[in-house]
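The first residue in the sequence is number 1, and the count goes up from there. Just so you know, these numbers use all the heavy atoms, side chains as well, and skip hydrogens, waters and symmetry mates.
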Amino acid sequence: EQTHYASSSSTHARALTDAPLPSSLQPPPHMILYELLRTAIQRSVCGNLPVTVLFSGGLDSVVLAALVAEVRGMAILANVYFTNDAEDETMSTAPATTAADTRAAQESFDQLQQLYPSAKLTFCTRPVPWAQVQAQRNRIRQLIFPHATVMDENIATALWFEAGGGVDGNECQSNGGTTNNILITGL
């Protein structure tokens, strides 16, 4: 066992600073994770571009949306769902009550509004007709990795359409905002 004492030697000083803190002085693991995620969001959303979170209502998208709400005070929460109704191709700020994932996203959005009442959060749904999904399927499959499961393809398809792939002029905008959004996803 080696004992380190403070001295003018940089080797000894480095050894003292590299030593782990006693467990009683270390922050709890959940606070370390929170700070790491918050720092990553801060770095990702710098500047003035609108921030859109690909929002399923699941744990990862809710955590990311909450962090964006803390850091920026505003976010567009975009929920992509697939439909057989070819007439429903327009963006809507009212949730589609028929899609189970969209209902879950709406519930999570409502809770986020309660937790962050001063944040300007906008919930948008993007119905994508199944015919458009089929038309873009081969292109999406060429772009994604891994492509091991149906879930990989579903997530990549939602990301593709929210990012504007294969769709002209169908963006989720808040107050006529720009289409040059920063897109955050928990993939």
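- Scanning all heavy atoms of the two residues, the minimum distance from W160 to L143 falls at CZ3-CD1, 3.4 Å.
- Cluster membership check: I144 shares its hydrophobic cluster with L159, using side-chain heavy-atom separations under 4.5 Å among Ile, Leu, Val, Met, Phe, Trp and Tyr.
- Here the closest heavy-atom approach between residue T83 and residue P127 is recorded as CG2-CB, 4.2 Å.
- Across L77 and F109, no two heavy atoms sit closer than the pair CD1-CD1, 3.6 Å.
- Once rounded to the nearest 0.5 Å, the distance linking CD of Q26 with CE of M31 reads 14.5 Å.
- Atom-to-atom distance recorded for F55:CZ and T122:OG1 is 12.0 Å, nearest 0.5 angstrom.
- Tracing side-chain contacts under 4.5 Å through hydrophobic residues (I, L, V, M, F, W, Y), one never reaches L67 starting from L36; they form parts of separate clusters.
- In this structure, R72 contributes its side chain and V45 its backbone to a donor-acceptor pair below 3.5 Å.
- Scanning all heavy atoms of the two residues, the minimum distance from A158 to L54 falls at O-CD1, 4.1 Å.
- Cluster annotation: L37 and Y116 are assigned to the same hydrophobic cluster (Ile/Leu/Val/Met/Phe/Trp/Tyr, side-chain heavy-atom contacts under 4.5 Å, transitive).
- Here the straight-line distance linking atom CG of D110 with atom CG of L121 works out to 11.0 Å at 0.5 Å rounding.
- Although no hydrogens or angles enter the test, the distance criterion places no donor-acceptor pair under 3.5 Å between the side chain of N79 and the main chain of T125.
- Atom-to-atom distance recorded for Q134:CD and F82:CZ is 10.5 Å, nearest 0.5 angstrom.
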Report task. Determine, stepwise, if the pair R103 / Q106 fulfils side-chain hydrogen bond (donor to acceptor under 3.5 Å, both in side chains). Result -> CA-CA 5 Å; R103 286 193 309 269; Q106 177 67 53; over 6 Å; no
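- Rounding to the nearest 0.5 Å gives a distance of 11.5 Å between CG of D152 and CZ of R141.
- Note: the hydrophobic cluster containing I182 also contains V71 (ILVMFWY, side chain heavy atoms under 4.5 Å, direct or indirect links).
- Closest approach of V62 to G57, counting heavy atoms only: CG2-O, 3.5 Å.
- Between the side chain of S61 and the main chain of S56, a donor-acceptor pair closer than 3.5 Å is present.
- The side-chain contact (heavy atoms from CB on, under 4.5 Å) search around Q111 returns none, not counting sequence neighbours.
- Nearest heavy-atom pair across A65 and V53 is CA-CG2, 4.1 Å.
- In this structure, CG on L112 lies 10.5 Å from CZ on F123, to the nearest 0.5 angstrom.
- By the rule that hydrophobic residues join a cluster once side-chain heavy atoms approach within less than 4.5 Å of another member, I155 and F145 end up as members of separate clusters.
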